[in-house]
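Report on the following structure.
Counting convention: from 1, in listed order, for ligands and their atoms alike. One-based numbering along the sequence shown. The shown structure was predicted, so the numbers you read here are calculated from the model rather than taken from an experiment.
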Amino acid sequence: MKADLPVREPIILQQFEALGLYDRLRKARTGRELWILHDGPPYANGHIHIGHALNKILKDIVVKSKSMFGYDATFVPGWDCHGLPIEHQVDKDLGEKKGQVSLVEKRQLCRQYAARYIDIQREEFRRLGILGDWSGPYLTMDYDYEATIVRELGRFFATGVVYKGKKPVHWCTSCQTALAEAEVEYADHTSPSIYVKFPLNPGVAERLPPLKGKRPSVVIWTTTPWTLPANLAIAVHPDAPYALVESDGESFIIAKNRLEATVAAAGLKDTRVLGEVPGRQLEGLEAMHPWTERPSKIVLADYVTLDQGTGCVHTAPGHGVEDYETGLKHGLEIYNPVDDAGRFVADLPLFGGLDVWEANPKIIAELERRGLLLAEAQLEHSYPHCWRCKSPTIFRATEQWFISMDEKVLPEEDGGKTSLRAKALAEIKLVTWIPSWGEDRISNMIAYRSDWCISRQRAWGVPIVAFYCRRCGRVLAEQRLADHVATLMERAGADLWYTKEAAELLPPGGTSCPNCGGTDFEKERDILDVWFDSGVSQAAVLAVRPDQRWPADMYLEGSDQHRGWFHSSLLAAVGTRGRAPYRSVLTHGFVVDGDGKKMSKSLGNVVAPQEVIERYGAEILRLWVAAEDYRDDIRISEEILSRLAEGYRRIRNTCRYLLGNLYDFDPAHDALAPEDLHEIDRFILHRLQRLIERVRRAYEGYEFHLIYHGLHNFCAVDLSAFYLDILKDRVYTSAPCSRARRAAQTSMHEILDALVRLMAPVLSFTADEVWQLMPKKGHEPESVHLAEFPPVQPDLLDDALEGRWETLMGVRDEVLKALEAARKAKMIGTSLEAGVELLACPELLTLLTQYEADLPMLFIVSAVRLGSLAGAEAAGKKVEVRVRRAAGQKCPRCWTFSESVGRSARHPEVCARCAAVLEEIGYRG
Ligand SMILES: [Zn+2]
Ligand SMILES: [Zn+2]
Ligand SMILES: [Zn+2]
């Protein structure tokens with residue numbers, strides 16, 4: 001039974017395959033309570049990496065353990081198929097032909113691309129030993145899934161939370177699409193940092209007595225000069241004090257707390273503070289836009305902070321979320337002069353047609369020319385970038401589709417109405433978050449997020465099924481229309497939206513515009529955010545498949561999904577069904593290298609699961625997942641893997657030893673009742689029950705590292721170093737059918753049977769391998785994965801017995817120490833060459849006397865003599881060990897030294913004990 005896992009595992013997988021293990025398990029659990037872990041779909045591009053392996057193995061351990069607790073724990077794997085990364089790759093592969101293919105052809109290429117990687121990843125996941133419905137996974141590009149996406153959008157239409165509006169969103173100018181918050185990565189970026197003077201309109205300063213007769217400038221600070229063309233206001237904090245200052249013949253308004261920093265940045269000389277006013281006194285004043293004949297109003301805003309800039313905040317409602325809110329509040333235009341590619345519209349004065357990044361220095365030069373640039377520097381700061389192409393993103397107001405977080409339209413139980421935000425926050429409280437900090441994290445994200453922008457301007461996705469009246473432009477976004485299109489898509493997929501005319505997609509019987517009565521419509525071109533796709537998996541999978549149930553018992557993903565899939569699934573479910581789609585959410589950390597560093601190609605510290613499998617086997621990867629505490633970041637390194645491989649060998653060798661001693665044992669006939677066992681057997685079986693108790697509890701609490709450590713310690717300490725060591729004499733020297741040997745086998749079988757079941761969710765290959773070789777009681781299933789966890793057997797628990805044996809083990813430790821010393825002193829070789837004299841205090845002596853006959857076995861010595869330790873209590877000593885060479889001759893059969901060797905007439909060569917055994921088995925020499 002050599003490990004050789006890389007070779008052996010594929011053979012075991014073939015056996016699972018031949019057995020139809022997943023289907024067989026469904027049959028075996030028919031009628032049991034369902035337990036649903038709903039798979040978060042990985043993206044269908046590239047090979048799986050170590051993070052995927054960690055995630056799927058954790059899921060597999062959870063699902064298999066629930067199955068072994070007796071639940072009907074199904075697992076339907078899924079893939080996320082639409083979206084920008086695949087579209088990008090297809091564009092790249094098309095190269096120059098990119099412009100020549102039609103949208104539908106491109107969508108088909110995307111579909112093929114996704115399908116190819118689904119097949120690759122499916123094989124890679126199976127190789128890890130993940131058990132699931134691999135022949136019936138869910139794909140977000142399946143026709144019926146696409147239809148569900150459209151239906152769920154229709155449900156949202158029906159609630160009234162979906163609106164179309166102009167709003168600043170993260171925008172990638174290179175991908176030319178809006179990005180969700182979760183699609184934005186922050187990275188260092190160098191921006192110009194400029195201080196700009198906005199002169200107040202003439203005469204305005206009369207309202208600020210210290211500045212009477214002067215023409216002061218409000219000083220703003222920005223790191224995005226390209227947003228200045230869209231400036232419509234300057235925001236100040238109502239309660240902060242603002243300084244009115246004079247320097248070199250000019251006057252300025254700057255927040256008092258920012259004055260010193262601004263003066264330093266601008267190198268202002270001879271500054272004099274003429275007065276001070278609270279921000280609210282500035283409200284309503286008008287400054288001039290630096291180069292456009294247009295006012296820039298001073299407005300109040302609570303979000304203005306005083307830790308950076310001047311306390312006077314440049315406000316462009318088309319380029320920032322807070323600016324946008326301020327714009328709405330003060331009736332400002334949501335003005336955005338930047339197009340999809342990141343260029344200023346042609347008719348913009350001075351900068352029309354320029355790319356925003358090119359425009360930055362030109363805008364600065366123009367300010368300089370007009371004498372309005374107070375200071376200029378470079379600033380390195382954290383800036384949003386596109387997750388896909390890594391370009392810096394911009395904030396830009398565009399026409400987008402949104403799901404409102406605050407519109408009070410969702411029904412409440414008491415008949416009132418509530419918002420998606422309020423309802424989602426209430427639902428979060430009803431979910432079990434593992435670890436518990438997940439609750440705060442997702443609550444904060446839901447509490448402070450902006451409306452959900454669900455539209456994207458791309459090709460590979462599911463269309464937003466809405467129509468526009470060609471005559472008056474009125475938009476039709478209705479559940480009835482979405483349901484009709486969804487029914488058509490069930491048969492033909494979402495491509496239908498692009499191959500059919502609007503008239504063919506509207507329900508028969510005619511649809512007319514509620515505004516103008518027009519009957520000519522065009523289709524919306526935007527597609528849905530992919531987070532909407534995966535967010536409705538609860539509707540497409542949990543709610544419809546007969547092997548599933550809504551809501552799921554658990555979602556299990558990396559801790560970044562609080563703002564990703566957990567988040568979108570929550571909103572998608574609460575918005576349409578009023579409830580969270582999961583009862584519990586378990587998160588894990590990320591895989592890092594042995595020094596705790598993030599893995600990256602440039603550092604060269606990436607560990608590929610495929611390489612680990614090739615060298616150690618998937619089993620070691622599985623053991624790694626179980627052994628590390630997944631709640632933190634999880635380290636992996638050569639050293640960690642080889643240590644685990646060592647631990648694995650310990651467990652495997654223990655199983656092998658147990659199997660080796662059970663070759664002639666038929667539990668149905670040969671097993672003894674507990675009362676017929678030796679006390680030491682009952683002791684180890686008591687310990688086994690405690691292990692079963694601990695391991696079951698650890699599975700229930702998802703504390704898998706305790707399982708590995710529990711199993712490993714039991715094998716290494718309780719079994720190898722103690723029980724099996726002591727047992728050797730009994731199993732090798734007793735008669736094969738003797739009670740002594742059958743008792744040992746009964747206990748070893750009990751142990752192996754329990755170990756193999758307890759380890760099966762983690763060591764799924766090895767457990768099944770052992771299961772196939774193990775003698776079984778009656779009708780056991782064909783695979784350990786069809787079996788259940790061992791129960792704790794109360795009749796095998798005996799705390800009093802454990803107490804006595806723990807005392808004996810304490811004495812044994814003392815004896816082993818003394819034997820080691822004697823061995824070092826060359827007095828003895830093996831321990832059987834020793835006889836031991838034990839002098840014990842009265843209390844201990846009573847116990848030892850009771851077990852006198854067992855002591856040579858326990859210490860693995862040839863003889864033990866007991867005596868009393870005089871004055872023991874006074875010395876605080878309980879036992880003293882004296883080692884001498886054993887008397888008598890070595891028995892060639894059991895290697896014990898005994899004075900009885902030679903006494904038997906029939907078997908003169910062996911000791912009395914062995915002579916009796918030879919007699920029993922009818923040995924005649
Ligand atoms: Zn991009
Ligand atoms: Zn109309
Ligand atoms: Zn013997």
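If you look at the Zn ion (ligand 1), the protein N, O or S atoms less than 2.8 Å from it are C172 SG, C175 SG, C386 SG, C389 SG.
Look at E524 and K164 and you find a salt bridge, because one of the NZ, NE, NH1 or NH2 atoms lies within 4.0 Å of a carboxylate O, short of that distance.
When SG of C911 and SG of C891 are joined through the Zn ion (ligand 3), the resulting angle is 110° to the nearest 10°. Angle SG(C894) to the Zn ion (ligand 3) to SG(C914), rounded to 10°: 110°. At the Zn ion (ligand 2), the angle from SG in C516 to SG in C472 is 120° when rounded to 10°.
Counting only N and O atoms by type, the side chains of R111 and Q108 include no donor and acceptor under 3.5 Å apart.
Taking the ring centroids of H170 and F395, they lie under the 6.0 Å cut-off.
A distance of 10.0 Å separates CD1 in I334 from NZ in K167, rounded to the nearest 0.5 Å.
Counting non-hydrogen atoms of other residues, nucleotides and ligands closer than 6.0 Å to NZ of K98 gives a total of 12 or fewer. Around the CZ atom of R885, the shell of radius 6.0 Å holds more than 12 heavy atoms that belong to other residues, nucleotides or ligands.
Minimum interatomic distance between S382 and Y186 (heavy atoms only, all atoms of both residues): OG-CB, 3.5 Å.
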